Peer 1: 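Supplied in structure tokens, the structure appears directly below.
This structure is a prediction, so every number in the text was calculated from the model and none was measured.
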There are 2 protein chains.
Amino acid sequence: MGELNDSFVKLAKLKGEFVWHHHEAEDELFLVIKGSLLIKLRDRDIRVEQGEFVIIPRGVEHLPIAEEEVHVLLLEPKSTLNTGNITNERTVPHLDRI
Amino acid sequence: MGELNDSFVKLAKLKGEFVWHHHEAEDELFLVIKGSLLIKLRDRDIRVEQGEFVIIPRGVEHLPIAEEEVHVLLLEPKSTLNTGNITNERTVPHLDRI
């Protein structure tokens with residue numbers, strides 16, 4: 001949706017459980033626009049409600065879970081792949097621009 | 001309020017007219033948390049309502065105006081000075097952390 005220095009501003013609709021992953025060299029910001037997002041870390045859970053944001057630092061394994069559909073704004077370096085250190089059918093290598 | 005790669009996530013309360021300035025090498029994101037922010041550019045005005053954001057690209061002169069108090073979240077490189085290319089009594093060289 002936008003570019004900011006070395007980062008992209010991304011919009012995503014999430015539903016269901018994503019996949020455990022981390023980003024080797026990139027911090028990632030999730031801002032919840034609509035709904036409620038659960039982010040599991042290895043040692044605790046974070047609940048991010050509408051209007052709240054969380055920063056997942058580089059290297060931290062996380063598992064986003066959207067029990068109901070959640071709309072999020074993401075801020076990530078342009079180099080960030082959604083599935084981080086893993087590649088599977090959920091990986092989105094090419095993004096649409098709106 | 002947070003760090004994200006080479007940027008800070010900042011919170012600010014704005015009231016009144018700021019000062020015309022630009023940032024030489026840094027894009028800047030304003031997300032309006034509460035209220036309504038007017039940003040004047042040299043060729044047009046942008047009205048940013050609650051829940052909306054705008055990115056001001058590097059080099060673009062802008063003048064934020066908060067007719068009423070506005071709460072904003074800012075995303076800027078750590079190197080960004082609030083008054084950009086100028087220094088005056090509104091310049092905040094050292095930021096509080098919360």
Peer 1: Of the backbone (N, CA, C, O) and the side chain (C-beta and beyond), which part of B/Leu4 lies under 4.5 Å from a heavy atom of chain A, both, or neither?
Peer 2: both

Peer 1: Find out if a path of hydrophobic residues (ILVMFWY) with successive side-chain heavy-atom gaps under 4.5 Å connects A/Val60 to A/Ile39.
Peer 2: yes

Peer 1: For B/Glu76, which atoms come within 4.5 Å of any heavy atom of chain A: side chain, backbone, both, or neither?
Peer 2: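 B/Glu76 has no heavy atom closer than 4.5 Å to chain A.
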
Peer 1: Which atoms of A/Glu3 come close to chain B, meaning under 4.5 Å heavy atom to heavy atom: side chain ones, backbone ones, both, or neither?
Peer 2: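 Contact with chain B involves the backbone of A/Glu3 alone.
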
Peer 1: With a 4.5 angstrom heavy-atom cut-off, which part of A/Ile56 approaches chain B: side chain, backbone, both or neither?
Peer 2: neither

Peer 1: Measuring heavy-atom distances to chain A, does B/Ile33 have an atom under 4.5 Å in its side chain, in its backbone, in both, or in neither?
Peer 2: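 Neither; nothing under 4.5 Å.
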
Peer 1: Crowded around A/Glu24 CD? As in, over 12 foreign heavy atoms under 6.0 Å?
Peer 2: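 Atom CD in A/Glu24 is not crowded, with 12 or fewer foreign heavy atoms closer than 6.0 Å.
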
Peer 1: Given the rule that I, L, V, M, F, W and Y join up when any side-chain heavy atoms are under 4.5 Å apart, are A/Ile65 and A/Leu14 in one cluster?
Peer 2: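 Not linked; separate clusters.
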
Peer 1: Report whether B/Leu11 and B/Leu37 are members of the same hydrophobic cluster (ILVMFWY, side-chain heavy atoms less than 4.5 Å apart, transitive linking).
Peer 2: no

Peer 1: For residues B/Val70 and B/Phe18: do they belong to one hydrophobic cluster (side chain heavy atoms under 4.5 Å, members Ile, Leu, Val, Met, Phe, Trp, Tyr)?
Peer 2: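 Looking at the clustering, B/Phe18 is in a separate group from B/Val70.
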
Peer 1: Counting N and O atoms only, with roles assigned by atom type, does the side chain of A/Asn5 sit under 3.5 Å from a partner on the main chain of B/Glu26, one being a donor and the other an acceptor?
Peer 2: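 Not confirmed, A/Asn5 side chain does not pair with B/Glu26 backbone.
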
Peer 1: With the side chain counted from C-beta on, respond yes when A/Leu73 and B/Leu31 share a heavy-atom pair under 4.5 Å apart, and no when they do not.
Peer 2: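 Not in contact.
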
Peer 1: Examine whether an atom of A/Leu29 lies under 4.5 Å from a heavy atom of chain B, and if so say whether it belongs to the side chain, the backbone or both; otherwise answer neither.
Peer 2: both

Peer 1: In the single-linkage hydrophobic clustering (I, L, V, M, F, W, Y; side-chain heavy atoms under 4.5 Å), do A/Leu41 and A/Phe53 co-cluster?
Peer 2: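 Not linked; separate clusters.
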
